[in-house]
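Along the sequence shown, residues carry numbers from 1. In listed order, ligands and their atoms are each counted from 1.
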Amino acid sequence: MTAAQALFQPFELGALHLPTRIVMAPMTRSFSPGGAPNAAVVEYYRRRAAAGVGLIITEGTTVGHPAANGYPNVPHFYGEDALAGWKQVVEAVHAAGGKIVPQLWHVGSVRRLGTEPDPSVPGFGPMEKVKDGQVIVHGMTRQDIQDVIGAFAQAARDAQAIGMDGVEIHGAHGYLIDQFFWEGSNQRSDEYGGSLAARSRFAIELVEAVRAAVGPDFPIIFRFSQWKQQDYSARLVQTPEELQAFLEPLSAAGVDIFHCSTRRFWIPEFEGSELNLAGWTRKLSGKPTITVGSVGLDGSEFTQFFGKTDEIAQPSSLEGLLERLDQQEFDLVAVGRALLVDPDWAAKVREGRERDILPFSREALKTLV
Ligand SMILES: Cc1cc2nc3c(=O)[nH]c(=O)nc-3n(C[C@H](O)[C@H](O)[C@H](O)COP(=O)(O)O)c2cc1C
């Protein structure tokens, strides 16, 4: 056993039994032309599970709504071909000893006209946006809201049917659900806008619908973030009290695990305590949490996931992370870029072969290994 043994302890929550505490963070890879994961995608996830990732959260995969997608070659989570592809991913990951949940995604107003699958469909968001006389974002009606909620519930039902171990709802990073949360993107005057409680109504109804679709025992993970891709300094909540008020109705609606997305896990969330967002969320909600953000990396800035700058992040020690895990600040640790570039990251950590770990560079985005 190496110092990293805390990462290799099992985790149990109801029917969910994870062999290790290492979670693969959801990462859009854009290798699914036509929306169906193919054999290369199956192998990509299988390798990470075989090397010791306990839980894979898939790349964002779009629910069955015409405006859900924002980027080329992103896998769907609807339709026979896509679901058949995902079923193969599930079977391969299970055969390798891992567990897997899909990250269910709707990009909202980030979508632009001209995007697949139907280029004539604009973005859908809390607020209408018009540019040069053209509606580029359709302001969602109550019916649209119900349609999107229905699409998430159907995707969750399908996830259960093909053997997924739960679902993750993407409520982070300035995509649709987060666009409703954030006052910067939601100035609605109906019951879905106003206070943070009212801006959370869409997410709460969505989680309730997913819970009703899958029954009481199927794990629902909810990912949220303070930061937005539109504004890294944005915050939904300023104090622990506000965070608690934000979390409570989501827990009551059916969330089992909160995935607290930060860009660097060692940054304290509020003054006066070392706890990060996952630490505070665990303490205030009583739910298990997943931490994330530059695990195993030196914290080099990454400005854009799909961005243009060349960027290299060097491997770094896990010491600070392991200390926090030992102190039960959070339950699970999601790893993004380090696992993207190095499928054997978990095995190398387990065996104390840190020196063999590959550095992350944007070059890695070009291939699926
Ligand atoms: C190429 C790439 C694609 C990403 N795609 C998603 C995504 O689809 N959904 C999501 O919630 N986060 C996405 N993220 C964010 C990661 O899940 C993770 O939170 C972030 O990379 C920080 O973790 P890291 O420092 O370990 O990479 C992406 C990150 C990268 C680098």
Under 4.0 Å from a heavy atom of [X]: give me the atoms of ligand 1 that qualify, with their elements.
| X | result |
| --- | --- |
| A25 | 17 (O) |
| G60 | 8 (O) |
| L365 | 1 (C) |

Using the rule that two of Ile, Leu, Val, Met, Phe, Trp, Tyr join whenever any of their side-chain heavy atoms come within less than 4.5 Å, decide whether I220 and L13 are in one cluster. no

Ligand 1 contact by S294, heavy-atom criterion under 4.0 angstrom: yes

Can a non-hydrogen atom of A172 be found less than 4.0 Å from any atom of ligand 1? no

Identify which of M27, H259, R337 has a heavy atom lying nearest to atom 27 (O) of ligand 1. R337

Give the single entry among H170, R29, R223, M24 that approaches atom 12 (N) of ligand 1 most closely by any heavy atom. R223

One thing to verify: whether D342 and K348 come together as a salt bridge, which I'm taking to mean a side-chain N less than 4.0 angstrom from a carboxylate O. yes

My understanding is that only residues two or more places apart in sequence, or in another chain, count here; which of them pass salt bridge (Lys or Arg N to Asp or Glu O under 4.0 Å) with D165? none

Is the terminal nitrogen or CZ of K283 (NZ for Lys, CZ for Arg) located under 6.0 angstrom from the six-membered ring centre of W280 and within 45° of that ring's axis? yes

Quick one: does NZ or CZ of R263 land under 6.0 Å from the six-membered ring centre of Y232, within 45 degrees of the ring axis? yes

Quick one: look at H173 and ligand 1, take heavy-atom pairs under 4.0 Å, and tell me if it's side chain, backbone, both or neither. side chain

Below 4.0 Å, non-hydrogen atoms only: which portion of T28 touches ligand 1? Side chain, backbone, both or neither. both

Show the numbers, then the answer: is there a side-chain hydrogen bond (donor to acceptor under 3.5 Å, both in side chains) between Y45 and E59? CA-CA 10 Å; Y45 287 117; E59 59 204 291; 2.8 Å; yes

Indicate yes or no: does an N/O atom of [X] lie under 3.5 Å from an N/O atom of ligand 1?
| X | result |
| --- | --- |
| V292 | no |
| Q103 | yes |
| L297 | no |

Pairing donors with acceptors under 3.5 angstrom, does anything connect the side chains of Y175 and Q229? yes

Test side chain to side chain contact (heavy atoms under 4.5 Å, CB included) applied to I267 - qualifying residues, sequence neighbours left out: R264

